[in-house]
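Only a predicted model underlies this, so the values are computations on that prediction, with no experimental measurement involved. All values below were derived from every heavy atom in this structure, side-chain atoms included, with hydrogens, water molecules and symmetry-related copies excluded.
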Amino acid sequence: MAHAKAIATIYIAGLIQGVALVTFPAASAVFTNPGDYGMSHTEFGGMFAPQAVLAIISSLLGEGLRRRLGSKRIYMLGLSANLLAMSLLVASSFVMRDHSLAYIILLVATGFLGIGFGLTVPAVNTFAAAFFPQKVDRAVLVLNALLGLGTALAPLFIAIFVRLGIWWGLPMLVGVLLVGLLSFSASQTLSTGDPTDAKDAPKDTQALPARFWIFAAFALLYGVCETMNGNWAVTYMTSHFGASASIASLALALFWGMVTVGRVLFAGIEKWFPERMVYRILPFVATAAFVAGAYVPRTNALLGIMTFALAGLGCSALLPLTISFSQKEFTAITDSVAGGLIAAYQVGYGLAAFGVGPLQTWTGMKLNSLYGGTAAVAIVLGILSFFIIPPVSK
């Protein structure tokens with residue numbers, strides 16, 4: 001087993017990556033406020049295009065880079081890209097009145113965040129699986145629970161910093177944490193135990209199996225479902241329910257909080273409630289949340305918040321279990337599989353993040369209709385779960 005400090009490093013990295021990932025959507029009220037950045041819904045959604053594109057590219061290139069540079073260097077490069085993203089976000093606050101310049105800086109910032117996510121997340125998932133080869137499902141679930149905890153903390157932190165009048169305090173805090181993590185990680189021996197995890201390793205040209213694409217389709221559709229909540233919760237609460245920025249941030253925090261609770265819960269009760277059963281049920285929990293969220297009366301913001309909490313539970317274990325199931329099935333290409341699934345997830349993220357604004361413009365649909373329509377995507381997830389984890393024959 002890996003050294004305790006190395007294990008702690010990877011799990012702390014998951015927590016900090018979670019905070020970094022949601023820093024931009026958590027600040028959506030600042031970005032769309034006419035008194036701050038003054039973005040339209042389309043501009044806000046488009047801001048995440050570089051993130052999705054570069055996360056996909058970096059996830060797909062990560063395996064080849066790992067074989068050239070080693071897993072630790074790829075992980076360190078990912079953390080460095082996250083640090084650049086936070087630095088640029090803070091820098092944009094000084095020019096927010098210059099709409100065009102600020103927007104360009106933010107596009108570059110989300111691009112670096114995409115690179116950071118695309119390199120860091122597959123790496124830490126692979127490290128976690130390698131550290132606990134006999135308990136891969138639990139190891140990956142706990143790692144992603146910490147990532148989820150980070151995503152839940154981001155909206156709470158932004159609400160505090162907004163009240164203090166220094167919203168940019170969140171990216172500043174994340175930047176400081178990343179500097180500390182980079183310094184500590186540099187001194188640790190981080191290895192997957194894979195003999196090809198070296199500079200001079202021969203190139204592996206093994207093709208992805210046909211069944212991998214079922215996992216990839218699941219990850220893509222999951223990305224749509226998660227992002228409809230993670231990126232649009234604040235906007236949905238303020239525009240549809242007329243909630244304040246603080247209440248909207250609470251809805252987002254509860255979504256990510258329940259994502260975390262679900263991951264911890266299902267990791268703890270696996271003996272009584274096996275992962276394969278969890279995997280088949282959760283998509284339909286998410287379906288119920290989307291339907292309920294679309295039909296909650298506009299005057300009842302509290303019920304709106306509760307539907308986001310239900311959606312968080314429905315989304316909770318799906319992505320980490322998809323990764324762990326695939327890594328157990330495709331043991332010879334675990335790094336390629338992790339990178340490919342993160343890339344597929346980012347395609348779904350991109351579709352939901354910057355597709356909502358244009359779709360509203362072209363069709364005239366309201367946000368609640370789009371949110372409710374995502375229930376159909378969640379139903380397809382439920383169907384795919386039975387192809388990924390077929391029933392055990394008696």
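For Leu313 against Met258, the heavy-atom pair with the smallest separation is N-CB, 3.7 Å. When all heavy atoms are compared, the tightest approach of Ala85 to Ala109 is CB-O, 3.2 Å. The two residues Leu156 and Ala253 come nearest to each other via the heavy atoms CD2-CB, 3.6 Å. Ile305 and Ala251 get closest at one heavy-atom pair: CG1-CB, 4.0 Å. Nearest heavy atom pair, residue Val90 against residue Trp168, reads CG2-O, 4.0 Å. Nearest heavy-atom pair across Leu182 and Leu83 is CD1-CD2, 4.1 Å.
Judged as a ring pair (Phe, Tyr, Trp, His ring centres under 6.0 Å), the pairs with a partner in residues 271-292 (not counting sequence neighbours) are, in order, Phe218-Tyr279, Tyr279-Phe325, Phe290-Tyr371.
Judged by distance alone, the side chain of Asp36 and the main-chain N or O of Thr32 form no donor-acceptor pair under 3.5 Å. Using a distance-only test at 3.5 Å, with no hydrogens or angles considered, a donor-acceptor pair links the side chain of Trp232 to the main chain of Ala352. Panel note: side chain Thr260, backbone Trp256; a donor-acceptor pair is recorded below 3.5 Å. A donor-acceptor distance shorter than 3.5 angstrom exists from the side chain of Asn300 to the backbone of Leu303, with no hydrogens or angles considered. Judged by distance alone, the side chain of Asn33 and the main-chain N or O of Ala29 form no donor-acceptor pair under 3.5 Å. In this structure a side-chain-to-backbone donor-acceptor pair under 3.5 Å is missing from Lys5 to Ser185. Proximity of a side-chain donor or acceptor of Arg263 to a complementary backbone N or O of Ala317 within less than 3.5 Å is not detected. In terms of modelled atom types and a separation under 3.5 Å, the side chain of Thr227 and the main chain of Gly230 share no donor-acceptor contact. At distances below 3.5 Å, at least one donor-acceptor pair connects side-chain atoms of Arg211 with backbone N or O atoms of Ile388. At distances below 3.5 Å, not a single donor-acceptor pair connects side-chain atoms of Thr374 with backbone N or O atoms of Val377.
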Q. Passes side chain to side chain contact (heavy atoms under 4.5 Å, CB included), Ile342 versus Ile323? Steps please.
A. CA-CA 9 Å; Ile342 294 299; Ile323 293 172; 4.1 Å; yes
**Q.** Phe112/Leu54 under side chain to side chain contact (heavy atoms under 4.5 Å, CB included): CA gap, chis, key distance, verdict
**A.** CA-CA 8 Å; Phe112 275 114; Leu54 289 173; over 6 Å; no
Q: Decide yes or no on side chain to side chain contact (heavy atoms under 4.5 Å, CB included) for Ser316 and Val261, but give the supporting numbers first.
A: CA-CA 8 Å; Ser316 60; Val261 168; over 6 Å; no
Q: Mind running side chain to side chain contact (heavy atoms under 4.5 Å, CB included) on Met172 and Met86 for me, showing each step along the way?
A: CA-CA 7 Å; Met172 182 75 75; Met86 296 301 107; over 6 Å; no
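Note: the hydrophobic cluster containing Val356 does not contain Val291 (ILVMFWY, side chain heavy atoms under 4.5 Å, direct or indirect links). Following chains of ILVMFWY side-chain contacts shorter than 4.5 Å, one cannot reach Val285 starting from Met306, and the two form parts of different hydrophobic clusters. Ile383 and Val224 fall within the same hydrophobic cluster, where Ile, Leu, Val, Met, Phe, Trp and Tyr residues are linked whenever their side-chain heavy atoms come under 4.5 Å apart, directly or through other members. Both Val179 and Val124 belong to a single network of hydrophobic side chains, linked directly or stepwise wherever heavy atoms of I, L, V, M, F, W or Y lie under 4.5 Å apart. Hydrophobic clustering, with ILVMFWY side chains joined whenever heavy atoms are under 4.5 angstrom apart, keeps Met76 apart from Phe184.
Expressed to the nearest 0.5 Å, how far CD1 of Ile74 lies from OG of Ser58 amounts to 10.0 Å. Note that OG1 of Thr120 and CD1 of Ile115 are 10.5 Å apart. Values are rounded to the nearest 0.5 Å. One finds the CH2 atom of Trp167 at 10.0 Å from the OG1 atom of Thr23 (value rounded to the nearest 0.5 Å). The line from CG of Leu250 to CG of Leu302 is 9.0 Å long, rounded to the nearest 0.5 Å. Taking CG of Leu178 as the start and CG of Leu79 as the end, the distance is 6.5 Å to the nearest 0.5 Å. Atom CD1 in Ile158 sits 12.5 Å away from atom CG in Leu153 (nearest 0.5 Å).
Residues Tyr75 and Thr9 are in side-chain contact: their nearest non-hydrogen atoms beyond the backbone lie under 4.5 Å apart. Side-chain contact between Leu220 and Leu351 is present, with heavy atoms from C-beta onward closer than 4.5 Å. Within the 4.5 Å cutoff, side-chain heavy atoms of Gln17 are placed close to those of Phe117. In this structure the side chain of Leu341 reaches within 4.5 angstrom of the side chain of Ser326, judged on heavy atoms. Taking 4.5 Å as the limit, every side-chain heavy atom of Leu170 sits out of range of all side-chain heavy atoms of Leu89. Two residues are said to be in side-chain contact when any heavy atoms from C-beta on lie closer than 4.5 Å; Val162 and Val30 meet this criterion. In this structure the side chain of Gln51 reaches within 4.5 angstrom of the side chain of Leu21, judged on heavy atoms. Side-chain contact between Met39 and Leu106: present, with at least one pair of heavy atoms (C-beta onward) separated by less than 4.5 Å.
In this structure, the ring-ring contact (aromatic ring centres under 6.0 Å, His included) partners of Phe48, at least two apart in sequence or on a different chain, are Phe44. Contacts of Phe241 classified as ring-ring contact (aromatic ring centres under 6.0 Å, His included), with partners at least two apart in sequence or in another chain: Tyr236.
Between Glu226 and Tyr345, the side chains place a donor N or O and an acceptor N or O closer than 3.5 Å (distance only, hydrogens not considered). Inspection of the Tyr37 and Ser92 side chains reveals an N or O donor paired with an N or O acceptor under 3.5 Å.
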